[in-house]
Visitor: 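Can you read through this structure? Questions will come right after.
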Protein chains: 2
Amino acid sequence: MTATAPLPREDGRGGRIRQQQECAILQAAEQVFARAGFQGATMAEIALRAGLPKSNLHYYFGTKAEVYRAVLGHILRLWLAETDCITPDADPREALGHYIAAKMRLTAERPDASRVFANELLHGAPEIGDYLRGELRTLVADKAQVIEGWIAAGRMAPVDPVHLFISLWALTQTYADFETQVCAVLGRPQLGPEDYRRATAHVQALVLRGCGL
Amino acid sequence: MTATAPLPREDGRGGRIRQQQECAILQAAEQVFARAGFQGATMAEIALRAGLPKSNLHYYFGTKAEVYRAVLGHILRLWLAETDCITPDADPREALGHYIAAKMRLTAERPDASRVFANELLHGAPEIGDYLRGELRTLVADKAQVIEGWIAAGRMAPVDPVHLFISLWALTQTYADFETQVCAVLGRPQLGPEDYRRATAHVQALVLRGCGL
DNA sequence: TGAAAACCTGACCAACTGGTCAATTTTTGA
DNA sequence: TCAAAAATTGACCAGTTGGTCAGGTTTTCA
């Protein structure tokens, strides 16, 4: 019922200023949502971090849910990619190794994105359920067939391909989502590049050997 | 500043009624916290599910944080156990296989507990950080030594034991914490016993082979 | 049996938070 | 240069929620 925000043409860019501000807002929002979840996050804090008054924030995004959806949208784009290397002709060992490294890099570089995503899933994915059951499922089904092909050709051990993807996601994301626990048992104050290198090597070794590669 | 609730002697049981009510409350609270997280959960909903008026809920637990801590306490007790089978003399293959099965059973039987725990970790474990860096870390360090022993004796492939534990937790809990995503890619409306059986077999196969067992 | 302890509850409140709005300033582009 | 569009902002509001409290009922147990 508000005529305040003339909604940026989703396609073309809005004004120069709008682009800048929206970017700052989404960056701030990702942090806040990651730390506090949807309910725990407040518009006031997002505004504060983005460096503008709350009412200005509402000028760009009508509701908190709108900000949240925008943040999730950004994150989903990151999630889809990275499976390119999994093709029938690729070398299974190299393809899976690359995929693991890529996912782990994403986890290390954008832990907040991972956490927002995790939080959304944890609460039943009310916002992105359709995407999961649509695009993501299709993508996984495709890649699963590739892996079935590798198995049928005797190029790797028989492994349920869909469960394998679930495992890969779990193994990599856990380092961002549950960083506190990981740090605790590793006895580190926080995860650094060296920790991520070790984690990547460990997951690769475990999974590749687990797939008979 | 309230003298209302004469705090149940933590040690001995409070009155018969108190025990019953507290149990009902904690059960309800686990569900609510699992679905909504700490901030999203409301005392009103917990009370409703427990079948008593909100003010009565406040008679047993002074604050929401107190309820939350009690729920987490229950859950931590579940988490600690299950590693008993990992001992120097045990057969690595059987010990790890059992551990995976046990953790997966816990995940299947108490998914809400897993989700509350996951949520707490996701938000930086403000409540149980000390436990993680204390008891849990010690336990893991102990068990890691056992595994190092197995490796040194050539009874399994060289795997970083601490990262192995992190992997095992991730692989099992993911089926509760991110059930929505798992269901989506598996094309199932919800996970049933058969799904958990398959998941267990998959994780066991992957990890055991991954450990050269 | 009777009084103290434990338990129960509706009414109430203060703080917080998402969101609105009218008025003002800045930017744009013809 | 100047008017229309875009951007900014402080004041404000209504709904929600955690928590309080005074007074009542039930249970316990000596």
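Here is the naming used below: chain letters follow the sequence lines, and residue numbers restart at 1 for every chain. Hydrogens, waters and symmetry mates play no part in the numbers below; they use all other heavy atoms, side chains included.
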Visitor: Is there a side-chain polar atom (N or O) of B/Y59 under 4.0 Å from OP1 or OP2 of C/dC7?
Guide: yes

Visitor: By side-chain contact (heavy atoms from CB on, under 4.5 Å), which residues pair with B/D112, not counting sequence neighbours?
Guide: B/E30, B/Q31, B/A34, B/R35, B/R115

Visitor: Counting only side-chain nitrogens and oxygens, does A/N56 get under 4.0 Å of the OP1 or OP2 atom of D/dA7?
Guide: no

Visitor: Tell me: CE of A/M43 to C1' of D/dT16, nearest whole Å?
Guide: 17 Å

Visitor: For DNA chain D, which residues in residues 47-55 of chain A have a heavy atom at a distance below 4.0 Å?
Guide: A/P53, A/S55

Visitor: May I have the distance from A/F33 (atom CZ) to C/dG18 (atom C1'), rounded to whole angstrom?
Guide: 12 Å

Visitor: Nearest of D/dA6, C/dC7, C/dG18 to any side-chain atom of B/R18?
Guide: C/dC7

Visitor: Starting at atom CD1 of B/I17, determine the distance to atom C1' of C/dC8, rounded to an integer number of angstrom.
Guide: 10 Å

Visitor: Using the test side chain to side chain donor-acceptor pair (under 3.5 Å), find all partners of A/E120 that sit at least two apart in sequence or belong to another chain.
Guide: A/Y68

Visitor: Find the distance B/R16:CZ to C/dC8:P and express it as a whole number of Å.
Guide: 10 Å

Visitor: Between side-chain atoms of residues 70-78 of chain B and protein atoms elsewhere (two or more places apart, or another chain), which donor-acceptor pairs fall under 3.5 Å?
Guide:
none

Visitor: Measure the distance from CD1 on A/I25 to C1' on D/dT8 and round it to the nearest whole Å.
Guide: 12 Å

Visitor: For a quick test of reading the model, state the closest non-hydrogen atom pair linking A/F178 to B/A118 and the distance between them.
Guide: CE2-O, 3.7 Å

Visitor: Partners of B/R188 by side chain to side chain donor-acceptor pair (under 3.5 Å), sequence neighbours excluded?
Guide: B/D195

Visitor: Check for a donor-acceptor pair, side chain of A/K103 on one end and backbone N or O of A/L171 on the other, with a separation under 3.5 Å.
Guide: no

Visitor: Does B/R198 have more than 12 heavy atoms from other residues, nucleotides or ligands lying within 6.0 Å of its CZ?
Guide: no

Visitor: By side chain to side chain donor-acceptor pair (under 3.5 Å), which residues pair with B/Y196, not counting sequence neighbours?
Guide: none

Visitor: Got a sec, which residues hit side-chain contact (heavy atoms from CB on, under 4.5 Å) with A/A65, two or more places apart in sequence or on another chain?
Guide: A/F38, A/T63, A/R69

Visitor: Return the value, rounded to whole Å, for the distance between atom CD1 of B/I46 and atom P of D/dT17.
Guide: 12 Å

Visitor: For A/N119, what residues pass the side chain to side chain donor-acceptor pair (under 3.5 Å) criterion, not counting sequence neighbours?
Guide: none

Visitor: Between the axis at one end of the helix from C/dT1-D/dA30 to C/dA30-D/dT1 and the axis at the other (five pairs apiece), what's the angle to 10 degrees?
Guide: 20°

Visitor: Atom CG of A/L57 and atom C1' of C/dT20: how far apart are they, to the nearest Å?
Guide: 14 Å

Visitor: Heavy atom of residues 34-42 of chain B under 4.0 Å from DNA chain C: which residues?
Guide: none

Visitor: Please give, in whole Å, the distance from D/dG10 C1' to A/H58 NE2?
Guide: 14 Å

Visitor: Taking side-chain contact (heavy atoms from CB on, under 4.5 Å) as the definition, give me every residue that meets it alongside A/H202, ordered by chain and number, with sequence neighbours left out.
Guide: A/Y175, A/L206, B/V159, B/D160, B/H163, B/L164, B/S167

Visitor: With respect to the phosphate group of D/dA7, does any side-chain polar atom (N or O) of A/Q20 fall under 4.0 Å of OP1 or OP2?
Guide: no

Visitor: Restricting to pairs with a member in residues 130-148 of chain A, which pass side chain to side chain donor-acceptor pair (under 3.5 Å), not counting sequence neighbours?
Guide: none

